[in-house]
*Asks:* 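Before we start, here is the structure in question, set down as structure tokens.
Remember, it's a predicted structure, so these values are computed and weren't measured experimentally. Indexing begins at 1, ligand by ligand and atom by atom, following the structure's order.
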Amino acid sequence: MPASNRYDAVLIGGGVMSATLATLLTELEPDWSVLVLEKLDTVGAESSDAWNNAGTGHSALCELNYTPARADGTVDISKAVAVNEQFQLSRQLWAHLVEKGVLSDPRSFINSVPHMSFVRGGDVDFLRARFDALSVHPLFAGMEWAQDHATIGEWAPLLTAGRPADERIAATRASAGTDVDFGALTKGMLSGAAARGVELLTGHAVEDVSRRGSGWTLKGRSSAGSFEVATPFVFVGSGGGALHLLQRSGIPEGEGFGGFPVSGQWLRCTDPATVARHGAKVYGQAEVGAPPMSVPHLDTRVMDGRKSLMFGPYAGFSPKFLKKGSWLDLPRSVRPHNLLPMLGVAKDNLSLMTYLGKQIVQSMDDRVEALRIFHPEADAADWELLTAGQRVQVIKKAKGGGVLQFGTELVHAADGSIAALLGASPGASTAVEVMFRLLRQCFPAHQDAWRDKLVEMVPSYGRQLAQDTDLLATTVARTDDALQLTA
Ligand SMILES: Cc1cc2nc3c(=O)[nH]c(=O)nc-3n(C[C@H](O)[C@H](O)[C@H](O)COP(=O)(O)OP(=O)(O)OC[C@H]3O[C@@H](n4cnc5c(N)ncnc54)[C@H](O)[C@@H]3O)c2cc1C
């Protein structure tokens with residue numbers, strides 16, 4: 001049960017977002033009383049768990065959906081640059097925590113794994129245009145191009161073995177890519193925060209968030225009974241559970257939001273010899289109608305010092321908002337204010353609905369067929385099916401109904417006393433940028449006082465690395481060194 005009935009800040013949920021915010025608050029305001037409440041018996045066990053997400057340190061080195069083609073065949077790299085800048089912030093905070101000894105072994109949560117994009121046929125021209133635009137940009141320096149089977153086979157032998165020699169293929173490779181175990185990172189950051197005074201309670205589910213004066217009262221339940229705490233600031237970092245608590249808070253800024261749950265599955269390789277032959281995260285092109293998070297990829301993962309290999313994700317549908325959520329999550333989220341946006345999204349996204357319908361009825365043979373686009377010699381007997389984490393895509397009010405968003409949305413009250421994070425992409429990789437945004441939006445009066453400390457933790461805070469190549473070089477060198485990255 002909470003040790004006090006009042007805290008300076010209460011963070012709901014023990015995922016990577018709350019872990020990041022708890023870490024920042026311990027550095028910026030070491031005297032604040034901070035409470036983190038997690039409903040499961042352990043932290044980092046929902047979307048942030050290693051096998052519930054793909055562990056890609058999203059920096060747009062390989063994800064083709066961050067570089068849309070323009071009508072004239074050139075490629076727009078603005079989103080890729082923004083995503084890369086955001087990941088550089090994460091790397092800097094993690095490096096700072098390693099240097100300070102808050103996080104002990106960087107290899108336990110981040111490892112160098114080259115990022116590759118791989119395409120066939122007509123998509124080769126798009127990939128070339130993407131490579132031409134990115135490889136001259138300082139954030140993407142060192143990206144390599146190959147169109148011949150021999151080089152691609154050297155980079156990733158599974159891609160070319162058994163493939164017709166005349167098939168038109170192409171790939172890019174960026175050795176700066178990373179695989180991140182966000183579950184291990186979450187646990188490390190939260191135990192670091194707990195060691196520095198944050199109160200962390202697992203097995204404590206928050207059920208209600210209600211206004212009290214200028215602050216909030218939170219009510220919940222644990223195995224020891226019900227509890228109640230008061231606070232001037234709440235972060236609803238409960239992942240898929242955030243929409244319900246945002247709705248309970250009744251803030252007008254939360255009106256019109258709905259959630260569209262998309263579940264995921266992976267194939268995991270059970271053959272150690274195949275696992276050993278691959279050492280990259282290889283992203284391909286999404287199917288027509290597929291949502292951006294369903295871009296297929298053949299991925300080396302590193303967890304507990306051991307390499308694994310996975311392919312996916314395959315999309316599915318479940319009305320649950322959390323993997324360990326309730327079948328009633330979706331119907332319980334419908335309100336008069338979000339009904340029209342939700343109906344509008346259903347009407348306007350027929351190709352997505354068709355895609356999901358096809359994914360749901362897939363057999364194991366269909367899944368292996370999709371895998372063989374990347375790994376022609378794949379043997380179904382060497383792969384097992386796993387259920388990934390649950391994503392709740394944001395539905396937002398828009399003119400004429402609603403829009404479905406694939407990014408994250410930080411919703412906060414006008415007075416900054418409560419903020420909730422909805423959505424999941426680019427997700428965990430950009431947790432630091434999202435929590436910086438939260439600090440700016442919810443604590444504007446503290447910004448001047450916090451600035452020096454923020455710059456000490458993250459030297460590029462408030463600046464663009466793309467505009468300052470000297471700072472970029474020192475930042476990359478420092479974070480590579482602290483995080484033991486080998487690129
Ligand atoms: C299939 C898939 C693949 C992904 N791939 C990537 C990737 O490659 N790279 C990347 O950067 N991101 C990826 N993401 C996104 C990333 O996993 C999420 O953005 C990130 O983990 C979200 O963190 P969070 O802290 O908001 O939520 P979570 O990790 O889900 O944590 C929320 C926590 O809140 C708790 N909770 C919920 N309700 C309550 C309550 N009422 N009271 C108390 N506690 C509560 C939950 O139990 C949970 O522990 C992926 C996600 C999925 C699903």
*Asks:* Enumerate the atoms of ligand 1 whose separation from the nearest heavy atom of F182 is less than 4.0 angstrom.
*Replies:*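 With F182 as reference, the close atoms of ligand 1 come out as 9 (N), 10 (C), 11 (O).
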*Asks:* Just go through T387, T202, N52 and tell me whose heavy atom is the nearest to atom 52 (C) of ligand 1.
*Replies:*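 When every heavy atom of T387, T202, N52 is considered, N52 comes closest to atom 52 (C) of ligand 1.
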*Asks:* What residue and heavy atom of the protein are closest to atom 17 (O) of ligand 1, and at what distance?
*Replies:*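 Closest protein heavy atom to atom 17 (O) of ligand 1: S47 O, 3.1 Å.
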*Asks:* Is there side-chain contact between V234 and V236, with heavy atoms separated by less than 4.5 Å?
*Replies:*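 Counting from C-beta outward, V234 and V236 do come under 4.5 Å.
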*Asks:* Do any pairs count as a salt bridge (charged side-chain N to carboxylate O under 4.0 Å, His left out) and have a residue in residues 198-207, sequence neighbours left out, and if so which ones?
*Replies:*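 Passing the test, one end in residues 198-207: E207-R221.
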*Asks:* Is A388 touching ligand 1 with its side chain, its backbone, both, or neither, if touching means heavy atoms under 4.0 Å apart?
*Replies:*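 Within the 4.0 Å criterion, A388 contacts ligand 1 through side-chain atoms alone.
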*Asks:* Among all protein heavy atoms in this structure, tell me which lies nearest to atom 18 (C) of ligand 1, with the distance rounded to 0.1 Å.
*Replies:*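 Answer for atom 18 (C) of ligand 1: A428 N, 3.9 Å.
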*Asks:* Does an N or O from L322, backbone or side chain, lie closer than 3.5 Å to an N or O of ligand 1?
*Replies:*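 Between L322 and ligand 1, no N or O pair is found under 3.5 Å apart.
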*Asks:* Could you pull out the closest heavy-atom pair between G258 and N338, with the gap in Å?
*Replies:*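 So the minimum-distance heavy-atom pair works out to CA-ND2, 3.9 Å.
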*Asks:* Do W266 and Y314 have ring centroids that are under 6.0 Å from one another?
*Replies:*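 Between Y314 and W266, the centre distance exceeds or equals 6.0 Å.
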*Asks:* Compute the shortest N/O to N/O distance between L40 and ligand 1 and return yes if it is under 3.5 Å, no if not.
*Replies:*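 Not met; the criterion fails.
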*Asks:* Hey, does D299 have a side-chain heavy atom less than 4.5 Å from the side chain of V282?
*Replies:*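 The answer is no, as the side chains (C-beta and beyond) never meet within the 4.5 Å cut-off.
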*Asks:* For ligand 1, is there an atom lying under 4.0 Å from some heavy atom of H204?
*Replies:*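 Under 4.0 Å: yes for H204.
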*Asks:* Considering only heavy atoms from C-beta outward, does the side chain of V16 approach that of T20 to under 4.5 Å?
*Replies:*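 Yes, at least one pair of side-chain atoms sits under 4.5 Å.
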*Asks:* With atoms numbered from 1 as shown, which atoms in ligand 1 lie under 4.0 angstrom from a non-hydrogen atom of L245?
*Replies:*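 Counting from 1, the qualifying ligand atoms are 41 (N).
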*Asks:* Looking at L37, which atoms of ligand 1 are within less than 4.0 Å of one of its heavy atoms?
*Replies:*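 Under 4.0 Å from L37, ligand 1 has these atoms: 43 (C), 44 (N).
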*Asks:* For ligand 1, is there an N or O atom under 3.5 Å from any N or O atom of E38?
*Replies:*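 Yes; the residue has a nitrogen or oxygen that sits under 3.5 Å from a nitrogen or oxygen of the ligand.
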*Asks:* Side chains of L11 and L35: closer than 4.5 Å at any heavy-atom pair?
*Replies:*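 Result no, sub-4.5 Å side-chain heavy-atom pair not found.
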*Asks:* Does ligand 1 come near enough to S18 that some N or O of the ligand is less than 3.5 Å from an N or O of the residue?
*Replies:*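 The answer is no, given that S18 and ligand 1 share no N or O pair closer than 3.5 Å.
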*Asks:* Tell me whether E255 is salt-bridged to K397, with the criterion being a basic N under 4.0 Å from an acidic carboxylate O.
*Replies:*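 Salt bridge between E255 and K397, a charged N being under 4.0 Å from a carboxylate O: no.
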*Asks:* Starting from atom 3 (C) of ligand 1, find the nearest protein heavy-atom neighbour and note its residue, name and distance.
*Replies:*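 Heavy-atom neighbour on the protein nearest atom 3 (C) of ligand 1: R391 NH2, 3.1 Å.
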*Asks:* Could you tell me if any non-hydrogen atom of P313 lies under 4.0 Å from any atom of ligand 1?
*Replies:*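 Contact absent.
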*Asks:* Whether D181 and R301 form a salt bridge (side-chain N of Lys/Arg under 4.0 Å from carboxylate O of Asp/Glu) is what I want to check.
*Replies:*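 Salt bridge flag = no for D181 with R301.
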*Asks:* Considering only non-hydrogen protein atoms, determine which one is nearest to atom 27 (O) of ligand 1 and report residue, atom name and distance to 0.1 Å.
*Replies:*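 Checked against all protein heavy atoms, atom 27 (O) of ligand 1 sits closest to G239 CA, 3.6 Å.
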*Asks:* Quick one: CD1 on I12 to CE on M17, what's the gap to the nearest 0.5 Å?
*Replies:*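 I12 atom CD1 to M17 atom CE measures 15.5 Å (nearest 0.5 Å).
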*Asks:* If you measure every N/O of M17 against every N/O of ligand 1, is any gap under 3.5 Å?
*Replies:*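 Right, the criterion is met.
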*Asks:* V16 versus ligand 1: do any nitrogen or oxygen atoms come within less than 3.5 Å of each other?
*Replies:*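 The answer is yes, given that V16 and ligand 1 share an N or O pair closer than 3.5 Å.
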*Asks:* Could you find the nearest protein heavy atom to atom 19 (O) of ligand 1 and give me its residue, atom name and distance?
*Replies:*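 It is G427 CA, 3.2 Å.
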*Asks:* Taking the ring centre of each residue, are F443 and F233 less than 6.0 Å apart?
*Replies:*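 Ring-ring flag for F443/F233: true, centres closer than 6.0 Å.
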*Asks:* Counting each atom of ligand 1 from 1 as listed, which ones have a heavy atom of N53 under 4.0 Å away?
*Replies:*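 Reading through ligand 1 atom by atom, the close ones are 2 (C), 3 (C), 4 (C), 5 (N), 6 (C), 13 (C), 14 (N), 17 (O), 50 (C), 51 (C).
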*Asks:* Side chains of W383 and T270: closer than 4.5 Å at any heavy-atom pair?
*Replies:*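 They are not in contact (no side-chain heavy atoms under 4.5 Å apart), so the answer is no.
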*Asks:* Hey, is T186 touching ligand 1 through its side chain, its backbone, both or neither, going by heavy atoms under 4.0 Å?
*Replies:*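 The answer is neither; T186 stays 4.0 Å or more away.
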*Asks:* Which is closest to atom 22 (C) of ligand 1 in terms of heavy atoms, G220, G15, S48?
*Replies:*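 Ranked by closest heavy atom to atom 22 (C) of ligand 1, first place is S48.
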*Asks:* Which protein non-hydrogen atom lies closest to atom 36 (N) of ligand 1, naming both residue and atom, and how far is it?
*Replies:*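 Result: S238 CB, 3.7 Å.
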*Asks:* Report yes if some heavy atom in the side chain of L267 is under 4.5 Å from a heavy atom in the side chain of M310; otherwise report no.
*Replies:*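 A side-chain contact is absent here, since even the closest heavy-atom pair is not under 4.5 Å.
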*Asks:* Who gets closest to atom 9 (N) of ligand 1 by heavy atom: D179, T56, T408, V392?
*Replies:*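 Answer by nearest heavy atom: T56.
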*Asks:* I need the nearest protein heavy-atom contact for atom 5 (N) of ligand 1: residue, atom name and distance, please.
*Replies:*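 That would be A54 N, 3.1 Å.
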*Asks:* Are any of the N/O atoms on Q390, whether in the backbone or the side chain, positioned under 3.5 angstrom from an N/O atom of ligand 1?
*Replies:*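 No; every N/O pair is 3.5 Å or more apart.
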*Asks:* Taking the side chain as every heavy atom from C-beta outward, state whether T172 and M116 have any atom pair closer than 4.5 Å.
*Replies:*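 Not in contact.
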*Asks:* Less than 4.0 angstrom from a charged side-chain N to a carboxylate O is my criterion; do K39 and D41 meet it?
*Replies:*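 No salt bridge links K39 with D41.
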*Asks:* If you measure every N or O of G423 against every N or O of ligand 1, does any of those distances drop under 3.5 Å?
*Replies:*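 No, no N or O pair falls under 3.5 Å.
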*Asks:* What residue and atom, counting heavy atoms only, is the protein's closest point to atom 41 (N) of ligand 1, and at what distance?
*Replies:*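 For this ligand atom, the closest protein heavy atom is V206 O, 2.9 Å.
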*Asks:* For ligand 1, is there an N or O atom under 3.5 Å from any N or O atom of K39?
*Replies:*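 By distance alone, the answer is yes.
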*Asks:* Find the distance between CZ (F235) and CG (L25) and round it off to the nearest 0.5 Å.
*Replies:*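 Answer for the CZ-CG pair, F235 versus L25, is 10.5 Å.
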*Asks:* So that I can tick it off, tell me whether R268 and E384 are bridged by a salt bridge, with the cut-off set at under 4.0 angstrom between side-chain N and carboxylate O.
*Replies:*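 So E384 pairs with R268 through a salt bridge.
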*Asks:* State the atoms of ligand 1, each with its element, that fall below the 4.0 Å cut-off from a heavy-atom position in S429.
*Replies:*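 Matching atoms, with element in brackets: 9 (N), 10 (C), 11 (O).
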*Asks:* Can you list the atoms of ligand 1 that are under 4.0 Å from a heavy atom of G389?
*Replies:*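 In order of numbering, the contacting atoms are 53 (C).
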*Asks:* Among the heavy atoms of G14, does any lie under 4.0 Å from an atom of ligand 1?
*Replies:*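 It does, in that a heavy atom of G14 comes within the 4.0 Å cut-off of ligand 1.
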*Asks:* Is there a side-chain contact between F126 and T67, using heavy atoms and a 4.5 Å cut-off?
*Replies:*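 They are in side-chain contact.
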